[in-house]
Structure formats: structure tokens, C-alpha cells
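Here is the naming used below: chain letters follow the sequence lines, and residue numbers restart at 1 for every chain.
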Amino acid sequence: MKLIDHSKVVKNMAPRLLWNQVFKVIFFIATLFGLFVLGILLYRIFTQGSGYLSLDFLQNLPSRKPERAGIKTALIGTVWLVGVVAPVSLLIGVGTALYLEEYAKKSRFTDFIQVNISNLAGVPSIVFGLLGLTLFVRAFALGTSVLAAGLTMSLLVLPVIIVASQEAIRAVPNELREASFGMGATKWQTIIRVVLPAAIPGILTGGILALSRAIGETAPLVVLGLPLFIAFLPKTVFDTFTVLPMQIYNWTSRPQEEFHALAAAGIIILLVMLIIMNSIAVLIRNKFQKRY
Amino acid sequence: MNIVIDKNNKTLENPAKEIVYKTNELNLWYGENHALKNINLDIYENEVTAIIGPSGCGKSTYIKTLNRMIELIPIVKTSGEISYRGRNIFEKSYTVEELRTKVGMVFQKPNPFPKSIYENVAYGPKIHGIRDKKVLDEVVEKSLKGAAIWDEVKDRLHQNAYGLSGGQQQRLCIARCLAIEPDVILMDEPTSALDPISTLKVEELVQELKKNFSIIIVTHNMQQAARISDKTAFFLNGEVVEFDQTNKIFSTPSDKRTEDYITGRFG
């Protein structure tokens, strides 16, 4: 005896399949939307800035004359900034994530920390700028140095790295930990040999997103008081410097049309740098994923 | 030889039984790996067909081909034909949704949804557009009774299914499968994650279910195949070595390899 009216089931088949297709198309359009906007952006920037792209542009120091102005100080400055932000934020971020996920017992206190980390991720970047100004620039008397800016940026991206790393560590199946502990391994051995290698792809994805943000942020650096015009390169982390977004900001705020084109060229350099960094992250990730 | 002919005649004794699945020269590749080779099998209505064989012989692959679940793996290619009730399931116009409405599947590990027991069973009818609460209630009760789990859960229908034991979860999954009133039930090693008592319950259930459904069951457990099935197919390295009445396979197999396998000399 059948309880279900199977003619109804058959009748419902066609609309079900139709909705199936409709949603596929909707999601495809959603994907296209992002691509479309990105396409327009790239088109605008390239038509404006590509004329100024040249080896000289990369090698020249900034200048008041647009035809002689280059991006060398900002480009090298960004590399210096990444050199400080990447190790500081990754070490502290992954360390925090490991402590919270692997060592700390769940308590009110860890819950409190957890909530605050998530909240920090939502704090406007300008607030981190103010923090860096009082703490690093003034209290520690680091001035507008690479170190002061790097530490400020590290604070800014830390919450993102911590949350992403926690997710990646949590996604490692418990069976793997049990297998390692079952052989008599210590917690540290289990973490370094089993948990971290399995979590590294996820950690890197979060890390690279965070670093990309650090490269592109301008507001906190403006608050720190980084110079808009500087004609020499930093030699140590205690020297003052400028970065790509600052240089772009500087050029876009000038009245002359030529400087706007220079800014577009600067954006192209910034985008290229982001693409290179993301590609490296993908390569590293693939290398680690092959093992499993 | 006489015995063999007699036993073969048994199928002919019952001409009323219709063929549900007819597999014709089926080949399947995972990329370069030729996983199923020239499979020819007929599966009859209201029978339990067991598929046995060592790990990696293609038995799970075959059963997943019957409801085209295998196509979830992107590198799979097939050739040949499987007809279900006379219609080739690989036909372009045959949608997998339509096929799977008639062919239910029970998986190796119990996989209830993280919903209530009631919602688990009502899922199938609901996605097929059955909204009448009274019908749904009836279907849920009938399916849970059909899966011999009604008495254990009737007082907690609206509690989370994760609170059930592994054996109960598996019978719930069978109930969920029954709820769409399918024609065929595919079971991919349904008892391999269960304890002996739960296994026994599922086996008894299969015996009960074959009155109304055609059942194809993949199993690692040869005693299980011998206990519950009418016909048995022995797979080895992607080929069907032997397919016959279960009692013949387990008493007088005609192929040496089948004999070696069922007596435990290899595999």
C-alpha cells in the first residue's frame, strides 16, 4: 500500500529540476558580477596608468615633475613593511591560535579572549593608527620608522590571522592527534609533526589575505605621520620610509592630471605585487597539500 | 552437472519475477584506471542480490553506478548500458533526480541529518513536494515501522537523531530511504560499522523488506551474503567472476577463484 501520491511526485519533478537550474544561473550571475566590476576597475586603471609604466618609473625617486617621478621609495618601503609584518604577525598569530586551540582549557577567560579577538577584527584601521601613534611612535620613541609602522600593521592584521589559523587547526581531524598521542608523542611533537603540517594550507590562506590587507592599508599610516614625500631609501628598520598606498594617496591628491595617471600606474604595481604574493602562497599551499 | 542445471532451473521456475536492472557490457574508468570490466548482470524483482569480493574489486563502484552516485567523482567515465525497468539510466533525458526517487541508497556509515528523527524521515517526501502534514505523519510512522525502529523512537520523534545509537541510526537511515517508497534499495556495506546485535537486526530487516523491494547489498561479510541473499555475484579485479544462486555459489562454485575466496584461501 502506498501512502504517497506518486503521480504528484512525478508532477513535481519538472519544477524541482527547473529551480535547480534557476539557482545555478543565479549563482553564476553573482560570480559574473564580481568579475564585471573587477574588469571595469582594471580597464580604467590600465588605460590611465599604462602609459607611465616603464623601468624608469620603477627606478626613479619621487619628484615634483610628473615625467621624472618614480615609485622606487614606495616599492622598497612596502617590501620593508612586509618584512616586518609577516614574521611578527604570523609568529604571534599562529602561536595564539595554537595556545587557544591546543593548550587552553575552555573557560570563561578563554571565551572572553575569543570574543575580543573577533571584535578586534572589526575595529576600524584608523583606531589602530592612533594606538600605534601613542604606543610605538611616541611612547617607544620609534618615530615614523619601518618598525613602528610594521608593528602597527601587525596589530591590525593579527585578529584575522588568529581566527583563520584557529579555523584551520580546528579542521584537523582529532583521529590524527589520537594516532600521534597513541604512539607516546608529546603535545609539542604532535603539534609540530601532525597538526601544523595539516593546518598549514588554511593558515597560509588566512595569512596571505591578512598581508594583502597590510600592503593596501593607508589610514593607520597617515595617522602615524609617515612622510608623503621622501627621496631616500630606509637602511635599517629604524629609518623613516613610505609605502605604495601612501604614494598613490599623495599623487591622487595633487591637482595635476599627470599625477593621477601616475597614481594609476602605482596601483598597477600594487596589484602586480599582490598577485605575486598570492601566487607564492598558492604554490606553498599546493606543496604542502600534496603530502596528504 | 545435473545439480547445476537443477539449480539454474530454479530461476526459470518463477517466470513472474521481472528484471529490475539489466547491466550490459558496463565498463568504468577512474581516469586511466579501468575499474569495472565488461559487467553483465541481471537483477530480479523482490530478491536480495549480494555482491561480494575483496577490497578494491569494484563492488562499491558498481552499486554506486546503479544510481549514478559514482558521477559525483569528476574523473569517472563509463561505457555500456544499465537499464532500469527497461530504460537506459545513462540516457541524456534520464535525470539522476528521477532515477534516485525510485532507487534509494543506504550507506556504509550511518549518515542521519543533524535534525530530529521525524525530520530525517520526512526529508524525502518533503523534497518531493509532499506537504500534507497528515500524509507526512503516516509516512514517517510507516517507514519507521518498516525499518523496525518505531517502538524504540515513537516517544522521541522530535529529538535529534544524533542521540540514537549507531545501529539505531542505521535503521533510521533505512527508514529515511523507505519514506520515498522506492522500488530498489541499494545498500553499501550497511552493517560494517555496526555491532553484531545491530547487524542481526538489519539482516532480519532486509529479509522483511525484500517482500516489497528489490535489494542489492554490498558486503564484506560472506556469512552475511550466505544468510540473507537469494543471488550472489563475486567480483574480482573489476570483473564478475561468478553470478548465481547464493546456495550454489557457497556450496558448489563453478569457478576455482570463487571457491578460493569463499573458503578464505585469499582475499
Worksheet item: Where do B:E181 and A:V9 land on the side chain to side chain contact (heavy atoms under 4.5 Å, CB included) test, with the steps shown first?
Response: CA-CA 11 Å; B:E181 295 176 345; A:V9 170; over 6 Å; no

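Counted within 6.0 Å of OH on B:Y123, heavy atoms from surrounding residues, nucleotides or ligands total 12 or fewer; the atom is thus considered open. Open room surrounds NZ on A:K24; 12 or fewer heavy atoms of other groups in view lie less than 6.0 Å from it. More than 12 heavy atoms of other shown residues, nucleotides or ligands fall within 6.0 angstrom of atom CZ in B:F113. No more than 12 heavy atoms of other residues, nucleotides or ligands shown are found within 6.0 angstrom of CZ on A:R44. Heavy atoms of other residues, nucleotides or ligands lying less than 6.0 angstrom from CD1 of B:I197 number 12 at most. Remark: B:K22 NZ is loosely packed, at most 12 non-hydrogen atoms of other residues, nucleotides or ligands lying under 6.0 Å away.
With a 4.5 Å cut-off on non-hydrogen atoms, B:V139 touches chain A through its backbone and its side chain both. Looking at B:I180, only its backbone comes within 4.5 Å of chain A, counting heavy atoms on both sides.
Considering only heavy atoms from C-beta on, A:K8 stays 4.5 Å or farther from B:H128 through its side chain.
Contact detail for B:T101 and A:M13: the closest heavy-atom pair is OG1-CE, 4.0 Å. Considering all non-hydrogen atoms of both residues, A:L3 and B:K142 come closest at CD1-CD, 3.4 Å. When all heavy atoms of A:I4 and B:A179 are compared, the pair lying nearest together is CD1-O, 3.0 Å.
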